[in-house]
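Note sheet for the following structure.
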2 protein chains.
Amino acid sequence: MTGTVVPDRRGRRRQETIEQVLAVAVEVMTEQGAAGLTLGEVARRMGIRPPSLYGYFDGKHALYDALFERGWRALQGVLEQAGAIADGADPLTAWRGGTTALVRWAVEHPAHSALMFWRPVPGFTPSPEAYAPAVALDAESRALLVRLRDAGHLAADVDLDRAYRAWTALVGGVISQQLSNAPGEPFETGAFTTVLPDVMDMWLDHHRANPSAR
Amino acid sequence: MTGTVVPDRRGRRRQETIEQVLAVAVEVMTEQGAAGLTLGEVARRMGIRPPSLYGYFDGKHALYDALFERGWRALQGVLEQAGAIADGADPLTAWRGGTTALVRWAVEHPAHSALMFWRPVPGFTPSPEAYAPAVALDAESRALLVRLRDAGHLAADVDLDRAYRAWTALVGGVISQQLSNAPGEPFETGAFTTVLPDVMDMWLDHHRANPSAR
DNA sequence: GTCTATACTACGATAGAC
DNA sequence: GTCTATCGTAGTATAGAC
């Protein structure tokens with residue numbers, strides 16, 4: 001529920017502190033890895049003592065939880081902005097743009113991505129509330145594939161569930177390889193992000209209509 | 001260098017203990033996640049005290065290092081057995097079989113895989129010796145793609161480096177998704193391992209010769 | 001609401017007795 | 001080679017002063 005409170009005068013400063021805690025946590029996770037987050041380090045960088053953090057979060061897991069949820073919400077926003085969620089736009093453009101924007105966001109937010117796509121933190125399981133936006137995005141992504149098929153870009157008899165699983169594997173693979181093997185590289189020149197167009201073509205060709213032309 | 005000593009009568013028992021330490025460590029990592037390994041837990045399960053472990057390994061990182069190295073060596077063995085390294089076999093069969101065997105091994109060894117494919121342990125970087133088999137496998141995999149091209153299964157003018165990066169992304173994506181989102185599922189029925197044939201076809205079709213037929 | 005002080009637990013690692 | 005004992009550190013969390 002973080003971030004949903006009314007920003008009255010009282011709560012504004014509190015909200016700013018919460019944002020700062022999360023920002024510093026991301027900083028630490030980016031440097032040390034997602035599992036390398038410690039409340040002591042966050043407090044140190046903020047110039048406060050570890051116990052003070054408990055006024056804003058119920059311990060370290062609550063921090064992970066907030067970042068997990070915000071990450072998926074951010075991805076939703078990214079896909080929406082790419083027109084992948086709105087019904088109006090051309091599905092193929094939306095799919096290409098959305099996939100590209102998603103991968104870009106992921107490699108530019110490695111701390112969030114590790115938390116969202118892997119399970120790097122022993123003992124941490126996202127709460128149902130934090131998981132909800134991930135489920136929503138899943139549904140929206142599947143809906144996009146339906147639109148893609150209905151617009152004639154995929155074969156009419158395509159197995160959409162199977163195609164969706166393959167798509168997540170492809171996208172997740174590019175992200176995973178880029179973050180694990182060449183973490184610092186920017187999206188534009190990354191060893192793996194640069195093959196994303198190829199990968200999208202592979203998926204599209206494989207599921208495209210008129211297979212006789214293959 | 002673990003495992004390379006001559007198995008004389010003196011060292012045999014020691015070697016067995018080393019194997020047991022590693023086996024228990026894998027057990028713990030499988031349950032708790034790669035970063036959840038603690039020497040105390042390993043010692044507890046072995047019925048000894050944590051300091052005794054230092055007679056066999058120079059601390060926790062040495063354990064990770066040994067598992068990292070053994071994992072890549074095991075993968076080499078898996079690919080070799082699939083004929084993906086030997087020069088004699090049919091490249092296409094070797095490539096399909098090798099890729100399949102590699103993914104199977106990975107999902108059946110989640111603790112090793114996490115260590116090898118992601119960077120889940122803060123502060124751990126594999127030593128050059130542990131990294132060597134990974135480099136060797138990289139070279140062997142690239143050599144397989146060369147054979148694949150020379151046998152006419154790929155376009156003659158294919159960008160092999162780019163194709164190789166795409167291949168690792170695809171394979172890594174299937175492994176990553178399977179381990180992160182459905183860890184318990186067996187290879188045969190996994191939600192993501194079952195799309196591996198599709199994914200291999202995508203890659204192959206994309207790089208196949210006579211592109212005019214596409 | 002924020003701090004200091006502190007309790008508690010656990011971990012990695014070392015020293016030295018047996 | 002294994003143990004006990006212990007060091008040093010870190011991290012989570014609570015109690016209570018200000």
Side-chain angles (χ1 to χ4, degrees), chain A residues 2 5-22 24-29 31-67 115 120-125 127, chain B residues 2 5 7-22 24-25 27-29 31-68 115 120-127:
Chain A
T2 321
V5 293
V6 183
D8 61 354
R9 213 195 236 85
R10 159 87 78 151
R12 256 239 325 252
R13 173 149 172 67
R14 176 180 173 78
Q15 193 56 38
E16 281 169 11
T17 308
I18 288 176
E19 299 302 326
Q20 197 198 348
V21 172
L22 292 176
V24 172
V26 167
E27 201 180 286
V28 175
M29 290 166 69
E31 294 171 19
Q32 313 285 336
L37 178 67
T38 68
L39 296 185
E41 185 60 29
V42 172
R44 200 169 298 127
R45 298 191 187 197
M46 291 181 66
I48 63 175
R49 306 292 148 189
S52 305
L53 292 171
Y54 284 81
Y56 307 98
F57 290 95
D58 277 346
K60 194 162 75 158
H61 277 13
L63 255 161
Y64 282 130
D65 215 49
L67 291 175
L115 213 52
V121 182
F124 168 65
T125 312
S127 65
Chain B
T2 320
V5 292
D8 60 354
R9 209 192 237 92
R10 159 87 81 151
R12 257 242 321 254
R13 172 147 174 70
R14 176 181 172 79
Q15 193 57 35
E16 281 169 11
T17 308
I18 288 177
E19 299 302 326
Q20 196 198 349
V21 172
L22 292 176
V24 172
E27 201 180 286
V28 175
M29 289 166 70
E31 294 170 20
Q32 313 285 334
L37 177 68
T38 66
L39 296 185
E41 185 59 29
V42 172
R44 199 169 300 124
R45 298 191 186 198
M46 291 182 66
I48 61 174
R49 304 293 147 188
S52 304
L53 293 170
Y54 284 82
Y56 305 98
F57 290 95
D58 277 346
K60 194 162 77 158
H61 278 13
L63 255 160
Y64 282 130
D65 214 49
L67 292 175
F68 185 92
L115 213 51
V121 182
F124 169 65
T125 312
S127 66

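Remember, predicted model here, so these are calculated numbers, not experimental data. A, B, ... follow the sequence lines: proteins, then strands. Residue 1 opens every chain.
For B/R49 and C/dC18, the CZ to C1' distance is 16 Å, given to the nearest whole Å. Rounded to whole angstrom, the span from the CE atom of B/M46 across to the P atom of D/dG1 amounts to 13 Å. The CD1-C1' distance, from A/I48 to C/dA5, rounds to 16 Å in whole Å. Remark: P of C/dT14 and CZ of B/F57 are 16 Å apart, rounded to the nearest angstrom. Atoms CD1 (B/I18) and C1' (D/dT2) sit 16 Å apart, rounded to a whole Å. Spacing between atom CD of B/Q15 and atom C1' of D/dG1 amounts to 16 Å, rounded to whole angstrom units. A/F124 places its CZ atom 14 Å from the P atom of D/dT12, with the value rounded to the nearest Å. Rounded to an integer number of Å, the gap from CG of B/L53 to P of C/dA13 is 11 Å.
B/L37 comes within 4.0 angstrom of the backbone, heavy atoms only, and of no base. Here B/G40 lies in heavy-atom contact (under 4.0 Å) with sugar-phosphate atoms only.
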Atom pairs, protein N/O to nucleotides 13-15 of chain D N/O, distance under 3.5 Å:
| residue | atom | partner | partner atom | Å |
| --- | --- | --- | --- | --- |
| D/dA13 | OP2 | A/Y54 | OH | 2.6 |
| D/dA13 | O5' | A/Y54 | OH | 3.3 |

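A search for side chain to side chain contact (heavy atoms under 4.5 Å, CB included) contacts involving B/S127 returns B/D65, B/E129, B/A130, not counting sequence neighbours. Take A/Y56 and apply the side chain to side chain contact (heavy atoms under 4.5 Å, CB included) test, not counting sequence neighbours, and it matches A/R14, A/T17, A/I18.
In this structure, A/R45 places its CZ atom where more than 12 heavy-atom neighbours from other residues, nucleotides or ligands lie under 6.0 Å away.
Between B/Y64 and B/L37, the closest side-chain pair of non-hydrogen atoms falls below 4.5 Å.
Candidate nucleotides C/dG1, D/dG1, C/dC11 were compared by shortest atom distance to the side chain of B/R14, and D/dG1 ranks first. For B/R44, the listed nucleotide lying nearest its side chain is C/dC11; candidates were D/dC3, C/dC11, D/dG11.
Relative orientation of the A/H61 and A/F124 rings is perpendicular, given thresholds of 30° and 60° on the angle between their planes.
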Residues B/M29, B/L115; criterion side-chain contact (heavy atoms from CB on, under 4.5 Å); working and verdict: CA-CA 10 Å; B/M29 289 166 70; B/L115 213 51; 4.0 Å; yes
Stepwise side-chain contact (heavy atoms from CB on, under 4.5 Å) check, A/E27 with A/E31: CA-CA 6 Å; A/E27 201 180 286; A/E31 294 171 19; 3.9 Å; yes
